[in-house]
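Index from 1, following the sequence.
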Amino acid sequence: MDDSETGFNLKVVLVSFKQCLDEKEEVLLDPYIASWKGLVRFLNSLGTIFSFISKDVVSKLQIMERLRGGPQSEHYRSLQTMVAHELSNQLVDLERRSHHPESGCRTVLRLHRALRWLQLFLEGLRTSPEDARTSVLCTDSYNASLAAYHPWIVRRTVTVAFYALPTRKVFLETMNVGSPEQAVQMLGEALPFIERVYNVSQKLYAEHCLLDLP
């Protein structure tokens with residue numbers, strides 16, 4: 001059964017995230033977008049519980065694909081070239097959303113925050129015991145990442161929805177990489193690449209004071 005039939009395979013994400021960083025440790029946007037598409041397939045395979053994230057991610061990926069396919073595409077080759085281009089040309093709303101609500105910098109920041117949540121959650125799945133409650137793992141990951149950027153009503157709705165999450169075993173089986181033990185092994189291989197991409201992106205945004213874009 002290939003990836004198109006299963007809908008998701010962690011190996012796809014592993015390969016994509018390995019390709020996100022070039023030799024200069026620039027975050028290449030094409031594999032970054034491809035990696036996120038794999039993660040969206042994973043979220044969608046779990047039903048509607050994560051639709052609050054996956055729908056937003058899809059809209060952000062569409063914005064980035066338009067920028068990559070537009071007349072200024074060469075400036076959107078990597079995260080670093082994008083930040084330099086948009087800042088030098090005043091294409092980023094630094095204090096309030098006004099003229100550039102779909103700037104690449106703002107759009108990737110939302111993806112970046114969601115990536116942190118997913119990274120923390122997958123790490124929790126990898127390191128937790130077999131009887132761990134996925135609702136607790138997911139809530140803890142959410143509170144440590146995305147919750148700070150959501151209004152109270154969204155936080156409440158989301159954390160209640162987490163109680164309907166499948167078991168840890170089901171999560172690991174949904175990754176379509178074999179047994180739960182094999183899935184844990186694959187997570188151990190994949191997550192360091194995801195973490196590295198996150199850390200490089202975090203450092204770049206921090207250096208340019210972009211972590212709190214409206």
Side-chain angles (χ1 to χ4, degrees), residues 3 6-46 50 53-54 57 60-61 64 77-83 107-130 132 134 136-149 165 168-208 210-211:
D3 293 338
T6 61
F8 174 83
N9 186 310
L10 190 60
K11 293 179 182 178
V12 176
V13 178
L14 171 62
V15 171
S16 295
F17 272 105
K18 286 176 68 174
Q19 295 174 342
C20 280
L21 295 175
D22 65 9
E23 65 279 359
K24 296 185 295 184
E25 289 219 312
E26 290 193 8
V27 180
L28 304 176
L29 287 176
D30 284 342
Y32 186 82
I33 291 169
S35 299
W36 255 117
K37 286 183 175 180
L39 294 176
V40 167
R41 289 196 296 275
F42 174 50
L43 294 176
N44 288 342
S45 73
L46 297 167
F50 292 122
I53 290 180
S54 63
V57 166
K60 299 298 186 288
L61 293 177
M64 294 312 301
R77 182 188 68 84
S78 72
L79 199 57
Q80 285 75 6
T81 58
M82 179 190 76
V83 168
T107 301
V108 171
L109 178 61
R110 270 58 185 176
L111 294 171
H112 176 69
R113 291 169 178 171
L115 186 64
R116 179 59 171 170
W117 161 73
L118 196 53
Q119 174 203 342
L120 291 173
F121 179 47
L122 292 176
E123 180 64 21
L125 286 175
R126 186 183 75 85
T127 59
S128 60
E130 291 184 9
T134 54
V136 174
L137 296 175
C138 200
T139 298
D140 289 347
S141 302
Y142 176 74
N143 287 338
S145 53
L146 284 174
Y149 308 103
L165 288 175
R168 178 179 180 272
K169 182 174 182 288
V170 170
F171 259 110
L172 295 174
E173 290 174 345
T174 305
M175 295 174 185
N176 291 315
V177 293
S179 67
E181 292 75 21
Q182 289 172 310
V184 167
Q185 180 180 352
M186 181 62 73
L187 284 173
E189 298 172 6
L191 288 174
F193 294 109
I194 296 175
E195 183 177 13
R196 186 59 186 157
V197 170
Y198 175 86
N199 288 340
V200 170
S201 305
Q202 179 78 1
K203 181 180 178 182
L204 176 68
Y205 269 68
E207 287 174 348
H208 294 280
L210 298 174
L211 287 172

Which atom names give the shortest non-hydrogen contact between [X] and [Y], and what distance separates them?
X: Met64; Y: Leu29; answer: CE-CD1, 4.0 Å
X: Ser35; Y: Ser16; answer: OG-CB, 2.7 Å
X: Val177; Y: Ala183; answer: CG2-CA, 3.4 Å
X: Ala132; Y: Ser128; answer: CB-CB, 3.5 Å
X: Thr134; Y: Phe121; answer: O-CE1, 3.9 Å
X: Trp36; Y: Leu111; answer: CZ2-O, 3.3 Å

Quiz item: For Ser78, which residues count as a side-chain contact (heavy atoms from CB on, under 4.5 Å) partner, sequence neighbours excluded?
Solution: Glu26, Leu28, Gln80, Thr81
[X] [atom1] to [Y] [atom2] distance, which is reported to the nearest 0.5 Å:
X: Leu109; Y: Tyr149; atom1: CG; atom2: OH; result: 7.0 Å
X: Leu191; Y: Thr127; atom1: CG; atom2: OG1; result: 9.5 Å
X: Gln119; Y: Arg116; atom1: CD; atom2: CZ; result: 4.5 Å
X: Glu25; Y: Leu79; atom1: CD; atom2: CG; result: 12.5 Å

Quiz item: Under the side-chain contact (heavy atoms from CB on, under 4.5 Å) criterion, do Leu115 and Phe17 qualify, and how do the steps go?
Solution: CA-CA 12 Å; Leu115 186 64; Phe17 272 105; 3.7 Å; yes
Would you find a donor on one side and an acceptor on the other, under 3.5 Å apart, between the side chain of [X] and the backbone of [Y]?
X: Arg110; Y: Lys60; value: no
X: Arg196; Y: Lys18; value: no
X: Asn44; Y: Phe42; value: no
X: Gln182; Y: Ser179; value: yes

Are [X] and [Y] close enough that some pair of their side-chain heavy atoms sits under 4.5 Å apart?
X: Cys138; Y: Phe171; answer: no
X: Thr107; Y: Met82; answer: no
X: Glu173; Y: Pro180; answer: yes
X: Arg168; Y: Glu130; answer: yes
X: Asn176; Y: Arg41; answer: no

Exercise. Output all residues satisfying side-chain hydrogen bond (donor to acceptor under 3.5 Å, both in side chains) with Asp22, sequence neighbours left out; order by chain, then residue number.
Key: none
Exercise. Sort and list the pairs that fulfil ring pair (Phe, Tyr, Trp, His ring centres under 6.0 Å) and have at least one residue in residues 187-207, not counting sequence neighbours.
Key: His112-Tyr198
Quiz prompt | Heavy atoms from other residues, nucleotides or ligands near CD of Glu207 exceed 12 (cutoff 6.0 Å) | solution = yes
Quiz prompt | Test log, rule side-chain contact (heavy atoms from CB on, under 4.5 Å), inputs Leu118 and Ile53 | solution = CA-CA 10 Å; Leu118 196 53; Ile53 290 180; over 6 Å; no
Exercise. Report the C-alpha distance between Val108 and Ser201 in whole Å, list the side-chain angles of each, state the deciding distance to 0.1 Å, and finish with yes or no for side-chain contact (heavy atoms from CB on, under 4.5 Å).
Key: CA-CA 9 Å; Val108 171; Ser201 305; 5.9 Å; no
Quiz prompt | side-chain contact (heavy atoms from CB on, under 4.5 Å) between Glu181 and Leu172, intermediate numbers included | solution = CA-CA 8 Å; Glu181 292 75 21; Leu172 295 174; over 6 Å; no
